[in-house]
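Report on the following structure.
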There are 2 protein chains.
Amino acid sequence: MFELRLVQGSLLKKVLESIKDLVNDANFDCSATGFSLQAMDSSHVALVALLLRSEGFEHYRCDRNISMGMNLGNMAKMLKCAGNDDIVTIKADDGSDCVTFMFESPTQDKISDFEMKLMDIDSEHLGIPESEYDAIVRMPSSEFARICKDLSSIGDTVVISVTKEGVKFSTRGDIGTANIVCRQNTSVDKPEDATIIEMKEMVSLTFALRYMNSFAKATPLASQVTISLSSELPVVVEYKIAEMGYVRFYLAPKIEEEEADPYVETKSKAQGKPTAETKPKLEIKPDVEMKPEVDSNMDNEVVEIKPELESKMEPEEESKTDLDIKPKKEANGEVQVMDVE
Amino acid sequence: MFELRLVQGSLLKKVLESIKDLVNDANFDCSATGFSLQAMDSSHVALVALLLRSEGFEHYRCDRNISMGMNLGNMAKMLKCAGNDDIVTIKADDGSDCVTFMFESPTQDKISDFEMKLMDIDSEHLGIPESEYDAIVRMPSSEFARICKDLSSIGDTVVISVTKEGVKFSTRGDIGTANIVCRQNTSVDKPEDATIIEMKEMVSLTFALRYMNSFAKATPLASQVTISLSSELPVVVEYKIAEMGYVRFYLAPKIEEEEADPYVETKSKAQGKPTAETKPKLEIKPDVEMKPEVDSNMDNEVVEIKPELESKMEPEEESKTDLDIKPKKEANGEVQVMDVE
DNA sequence: CTCCGCGATC
DNA sequence: GATCGCGGAG
């Protein structure tokens with residue numbers, strides 16, 4: 001049987017709020033290590049990786065590794081029924097096709113239990129290696145969220161450029177252009193207000209703001225966000241979860257370079273390369289139909305949506321393994337009981 | 001002429017917000033006793049009873065009993081124009097087909113008056129006797145509202161079960177099941193946080209969450225709600241209005257019992273009884289077309305909506321008068337002037 | 001943290 | 001029009 005107990009139940013609520021719009025169904029992997037999840041977003045352009053280490057729970061018991069397939073929307077609905085300072089228990093009996101969520105109010109006067117059917121979801125366990133990045137930006141998560149929201153009222157994509165001095169977020173749209181520069185700033189009263197740039201190489205990459213805004217839903221989880229960029233790799237947007245783990249979002253960059261006119265640039269490439277050859281690397285299952293985002297704004301014809309299909313996600317051989325999909329079988333049948341009460 | 005003046009005008013705003021979604025048009029009855037209203041909801045399944053006693057007003061004058069037919073949506077619109085700490089005056093001249101709402105800002109710097117046409121609404125005055133109930137639950141109104149809202153994200157109906165230990169709210173839906181238990185708790189810091197169960201008989205009744213959520217709109221009126229349950233009677237959900245009276249909502253239970261499978265249960269009954277024989281007791285006017293709720297969720301076919309029509313609202317002879325509709329003529333032509341300034 | 005009022009959305 | 005989500009205040 002599997003059982004975890006988390007006094008700060010609001011954490012789970014926030015985690016689900018942050019990922020449920022990106023991923024519909026996913027397997028939660030329960031092992032001695034902890035409670036984790038890895039899943040592609042429904043259009044197979046972004047990837048979410050969640051880890052909640054077993055040590056972070058007040059009680060954690062996992063008799064054998066199990067994978068619980070859940071509809072994240074439904075799971076989020078149920079967790080919403082927990083008060084923000086309720087204690088949350090998640091329980092699944094071996095062989096049962098149900099999971100139970102239990103919420104205890106701090107005073108124990110109100111005790112709720114919710115039962116949800118598990119689903120059978122076939123998804124391989126992805127191995128995501130830690131990589132070296134050209135630049136790592138740490139900044140207040142609320143500031144990052146604000147920037148993504150502001151820019152998305154101007155354009156659809158953001159160019160993130162990192163120099164020694166700071167990080168620049170740029171966009172352009174029908175109504176004009178926008179550039180927001182955040183300078184490195186470590187001399188702040190509170191450490192969570194700091195903006196820190198670690199840079200090996202200058203880097204400038206383009207991403208769909210739609211996804212960035214989706215990632216920013218994790219803002220309540222952490223006061224700081226870490227953005228890791230390399231020209232050959234998907235960006236990683238990470239929110240640390242205090243004492244427990246993280247939520248990481250991976251997104252393949254679009255091909256446009258910062259200074260080039262994206263429309264012209266894209267159009268020529270779109271004509272030159274057939275779509276079939278340019279599927280982004282983040283695509284796992286070729287049999288699953290691709291759903292390119294169709295912008296409601298069709299002013300710029302089809303070139304507006306092509307970039308998503310042509311993401312620069314075909315690294316040369318040596319870095320090819322970076323987001324390779326290698327099913328990772330963890331030691332199964334292992335028994336672990338932890339009780340930190 | 002009729003005139004009332006209420007310093008705490010926000011009370012009236014809240015009252016109208018709480019009932020305007022349930023009842024479109026209704027007669028306000030103005031008498032020496034006070035300002036009151038009784039009306040069925042538009043689908044004739046629920047009933048609202050409002051009483052604001054004359055003693056609660058700063059000024060109350062009622063020369064003769066009158067009945068003012070108003071569209072509650074429009075009345076709510078006008079009251080929304082009052083500031084939350086405005087003093088509200090409602091005035092109607094004899095023989096006039098208009099009512100005037102006057103709002104004075106606390107500083108007297110802004111004085112508004114709104115005039116609204118009265119309507120002719122034919123509805124008998126219902127006599128609703130006080131009954132004995134198997135169980136009476138008092139609990140924080142906000143908690144009740146939260147429970148109804150949470151459960152309605154899972155299912156459409158709630159089973160309310162009362163035992164000596166507490167009250168249980170349960171539902172089930174496509175995505176799973178939910179049970180919320182609130183224990184009796186009288187040892188609280190503030191009396192408005194108490195949950196008190198008065199029980200003669202265990203009782204378990206099923207109601208449409210849609211109505212419960214509508215009733216819960218009255219939450220701002222009172223910190224506590226009283227839920228009175230008997231197996232043969234409509235539930236009463238009461239919000240006391242400080243020093244003045246109450247808003248009470250009556251709702252006929254659905255026929256399903258707690259442990260039975262509601263769908264099967266209902267289906268057999270639905271087949272056994274023709275609709276014409278099973279109109280709920282709360283129906284006043286047979287000539288008014290019944291509008292059963294049509295759930296968007298049609299998975300369970302027509303049985304899903306039948307229960308509302310078959311509500312257990314046919315008490316045996318001795319209790320038959322309980323929600324009987326007896327036109328209650330109060331002494332008319334009586335003159336009363338009260339001035340409590 | 002909860003309540004309240006506001007703006008945006010469907 | 002109703003709901004939800006956001007931001008500000010107690």
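Per chain, numbering begins at 1; letters A, B, ... match sequence-line order. Because only heavy atoms are used, hydrogens play no part in the values below, and waters and symmetry mates are left out as well, while side chains stay in. A quick note: this is a predicted structure, and the numbers were derived from the prediction, not measured.
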Residue pair B:Ser170 / B:Asn179, side-chain donor-acceptor N/O under 3.5 Å: yes
Protein-to-nucleotide contact annotation, 5' to 3' order, nucleotides 2-10 of chain C [B base; S sugar-phosphate only; - none; under 4.0 Å, heavy atom]: ---S-----
Residue whose nearest DNA chain D nucleotide is more 5′ - A:Lys80 or B:Lys77: B:Lys77
Salt bridge (Lys or Arg N to Asp or Glu O under 4.0 Å) pairs, two or more places apart, involving residues 102-115 of chain B: B:Arg5-B:Glu104
A:Arg146 CZ - D:dC6 C1' separation (whole Å): 12 Å
Length of the line joining A:Lys14:NZ and D:dC6:C1', which is rounded to integer Å: 16 Å
Residues that A:Asn185 engages under side-chain contact (heavy atoms from CB on, under 4.5 Å), provided they are two or more places apart: A:Ser187, A:Val188
Distance, rounded to the nearest Å, where B:Leu209 contributes CG and D:dT3 contributes P: 14 Å
Sugar-phosphate, base or nothing in reach of A:Lys217, heavy atoms under 4.0 Å: nothing
May I have the list of side-chain donor-acceptor pairs in residues 144-154 of chain B shorter than 3.5 Å, sequence neighbours left out?
{"unit_1": "B:Arg146", "atom_1": "NE", "unit_2": "B:Asp150", "atom_2": "OD1", "d": "3.2"}
{"unit_1": "B:Arg146", "atom_1": "NE", "unit_2": "B:Asp150", "atom_2": "OD2", "d": "2.9"}
{"unit_1": "B:Arg146", "atom_1": "NH2", "unit_2": "A:Lys80", "atom_2": "O", "d": "2.8"}
{"unit_1": "B:Arg146", "atom_1": "NH2", "unit_2": "A:Ala82", "atom_2": "O", "d": "3.1"}
{"unit_1": "B:Ser152", "atom_1": "OG", "unit_2": "B:Cys148", "atom_2": "O", "d": "3.1"}
{"unit_1": "B:Ser152", "atom_1": "OG", "unit_2": "B:Lys149", "atom_2": "O", "d": "2.8"}
{"unit_1": "B:Ser152", "atom_1": "OG", "unit_2": "B:Asn213", "atom_2": "ND2", "d": "3.1"}
{"unit_1": "B:Ser153", "atom_1": "OG", "unit_2": "B:Asp150", "atom_2": "O", "d": "2.7"}

d(CD1, B:Ile19; P, D:dA2) in whole Å: 14 Å
Gap between atoms CG and C1', on B:Asp193 and C:dC1 respectively (whole Å): 14 Å
Let me check something: any side-chain donor-acceptor pairs from residues 239-248 of chain A under 3.5 Å, sequence neighbours excluded? List them with distances.
{"unit_1": "A:Lys240", "atom_1": "NZ", "unit_2": "A:Glu238", "atom_2": "OE2", "d": "2.6"}
{"unit_1": "A:Tyr246", "atom_1": "OH", "unit_2": "A:Arg248", "atom_2": "NH1", "d": "3.4"}
{"unit_1": "A:Arg248", "atom_1": "NE", "unit_2": "A:Glu238", "atom_2": "OE1", "d": "3.0"}
{"unit_1": "A:Arg248", "atom_1": "NH1", "unit_2": "A:Glu130", "atom_2": "OE2", "d": "3.4"}

Partner set under side-chain contact (heavy atoms from CB on, under 4.5 Å) for A:Asp41, not counting sequence neighbours: A:Leu22, A:Ser43, A:Val45, A:Ala46, A:Tyr211
